[in-house]
Amino acid sequence: MDGGVIDIGYPELFAASALMLVAGFVSWKLALGQEKNIITSALRAFVQLLAMGFLLIYLFRYQSWWLVLLVLLIMAICAAQIAVSRVKQQVQGLWPSIFASLLVSSMVIAFIVVEGVIQPDPWYSARQLLPIAGMALGNTMSATAVAIDRLFADMDSRADEMFSLIALGATPREAALPSIRAAVGAGILPTLSTMCAAGIVQIPGMMSGQILAGADPVIAAKYQIVVLLMMSAATTLAIVMISFLAFRKRFSAEGYFLDPALR
């Protein structure tokens with residue numbers, strides 16, 4: 001044991017990879033063709049999480065403000081790249097908007113939570129700042145991809161209406177506003193569902209981790225409440241930002257709604 005945590009040996013860790021056989025068997029039996037993706041995802045999870053573990057050990061011992069901020073920037077870049085890859089429709093020039101939305105929303109809210117609620121010493125403490133920012137980034141990354149897909153799908157389904165509104169003198173923002181509302185609603189729904197189920201259907205990740213580490217369950221619950229509220233705020237800010245930044249991709253510089261052949 002280490003600080004109340006029961007250590008998992010490497011043989012047991014690799015033996016646990018057999019659990020992926022469930023997904024692999026289902027993919028093979030139903031001819032889903034996802035066997036390669038399942039293996040790749042499992043290998044990436046092993047490598048990335050263990051690498052992050054060793055990196056955090058180094059940061060905890062030799063942390064400096066610039067090194068912690070550098071790690072946060074790299075995490076935001078990777079999150080933006082993954083979010084872009086999850087968007088079903090190929091839209092050029094979307095990466096900068098996604099990166100700005102994820103960076104601003106996640107980092108602003110994470111710093112508010114860490115400095116205003118947890119108050120570590122020093123302010124750049126990697127032990128508090130990196131996990132909190134990572135949770136914010138992960139949640140906003142998924143919500144951003146959902147919001148973008150919903151935004152463009154809704155705008156395309158309203159193509160005739162959009163053409164008419166622009167022809168009647170509406171601005172691109174006015175024409176796209178119903179689709180923006182739909183995108184924001186779709187993006188925030190999973191987070192709200194998680195909040196509703198917390199404590200009844202599931203014990204969320206941070207609370208579970210602290211309980212497994214031997215923390216007082218009430219203290220763990222307080223941390224989890226803060227994290228859920230943080231994710232709600234970060235997700236809302238991210239999807240509002242990306243919706244108002246991305247809708248312009250369906251319009252020309254002159255404000256005309258673009259036909260699919262002209263995009």
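We're numbering straight along the sequence, starting at 1. Values in this document were obtained by computation on a predicted structure and should not be read as measured data.
By the 4.5 Å heavy-atom criterion applied to side chains, Trp123 and Trp65 are counted as neighbours. At a threshold of 4.5 Å between non-hydrogen side-chain atoms, the residues Arg250 and Asp156 count as touching. Between Arg86 and Met141, the closest side-chain pair of non-hydrogen atoms falls below 4.5 Å.
Annotation: Glu12, atom CD; neighbour count of heavy atoms from other residues, nucleotides and ligands within 6.0 Å is above 12. Open room surrounds CD1 on Ile8; 12 or fewer heavy atoms of other groups in view lie less than 6.0 Å from it.
The aromatic rings of Trp28 and Phe25 sit tilted relative to each other, their planes meeting at an angle between 30° and 60°. Note on ring orientation: taking the six-membered ring where Trp is involved, the planes of Phe247 and Phe244 are perpendicular (angle over 60°, cut-offs 30° and 60°). By the 30° and 60° cut-offs, the orientation of the rings of Phe46 relative to Phe14 is parallel.
Scanning all heavy atoms of the two residues, the minimum distance from Ala126 to Gln63 falls at N-OE1, 2.7 Å. Met207 and Pro217 get closest at one heavy-atom pair: CE-O, 3.9 Å. Heavy atoms only, all atoms of each residue included: Ala76 and Leu137 are closest at N-CD1, 3.9 Å. Closest approach of Gly93 and Lys249 over heavy atoms only: O-NZ, 3.0 Å. Across Met107 and Ala133, no two heavy atoms sit closer than the pair SD-CB, 4.2 Å. Scanning both residues, Leu229 and Met195, for their nearest heavy atoms gives CD2-CE, 3.9 Å.
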Distance-only donor-acceptor pairs under 3.5 Å for side chains of residues 159-167, two or more places apart:
| residue | atom | partner | partner atom | Å |
| --- | --- | --- | --- | --- |
| Glu161 | OE1 | Arg158 | NE | 3.2 |
| Glu161 | OE2 | Arg158 | NH2 | 3.1 |
| Ser164 | OG | Asp160 | O | 3.0 |

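Both Leu56 and Ile132 are part of a single hydrophobic cluster, where members link through side-chain heavy atoms under 4.5 Å apart. If you chain together hydrophobic residues whose side chains sit under 4.5 Å apart, Leu130 and Leu50 never meet in one group. If you chain together hydrophobic residues whose side chains sit under 4.5 Å apart, Ile148 and Leu189 never meet in one group. If you chain together hydrophobic residues whose side chains sit under 4.5 Å apart, Phe99 and Phe111 fall into the same group. Both Ile77 and Leu72 are members of a single hydrophobic cluster when ILVMFWY side chains are connected at heavy-atom separations under 4.5 Å.
From Ile180, atom CD1 reaches atom CD1 of Ile239 across 12.0 Å, with rounding to the nearest 0.5 Å. In this structure, the separation between OG on Ser125 and CD on Gln119 is 13.0 Å, given to the nearest 0.5 Å. Note that the CD atom of Glu35 and the CD1 atom of Ile38 stand 6.5 Å from one another [nearest 0.5 Å]. Taking CD1 from Ile82 and OG1 from Thr144, the interatomic distance works out to 12.5 Å, rounded to the nearest 0.5 Å. Residue Leu102 holds its CG atom at 11.5 Å from SG of Cys78, rounded to the nearest 0.5 Å. Distance check: Ser41 OG to Met20 CE gives 6.5 Å after rounding to the nearest 0.5 Å.
Counting only residues at least two apart or in different chains, ring-ring contact (aromatic ring centres under 6.0 Å, His included) contacts with residues 129-156 are absent.
Residue Val87 is tested with Asp149, Leu151, Val146 for a side chain to side chain contact (heavy atoms under 4.5 Å, CB included); the sole match is Asp149. Screening Val226, Leu228, Ile225, Val227 for a side chain to side chain contact (heavy atoms under 4.5 Å, CB included) involving Met206 leaves a single residue, Val227.
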Give the C-alpha distance, both sets of side-chain angles, the deciding distance and a yes or no for side-chain contact (heavy atoms from CB on, under 4.5 Å) between Gln81 and Trp95.
CA-CA 7 Å; Gln81 188 63 38; Trp95 191 92; 3.4 Å; yes
When you look at Tyr124 and Leu67, which way does the side-chain contact (heavy atoms from CB on, under 4.5 Å) test go after all the steps?
CA-CA 10 Å; Tyr124 54 83; Leu67 188 57; over 6 Å; no
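There is a side-chain donor-acceptor pair under 3.5 Å between Thr140 and Ser106.
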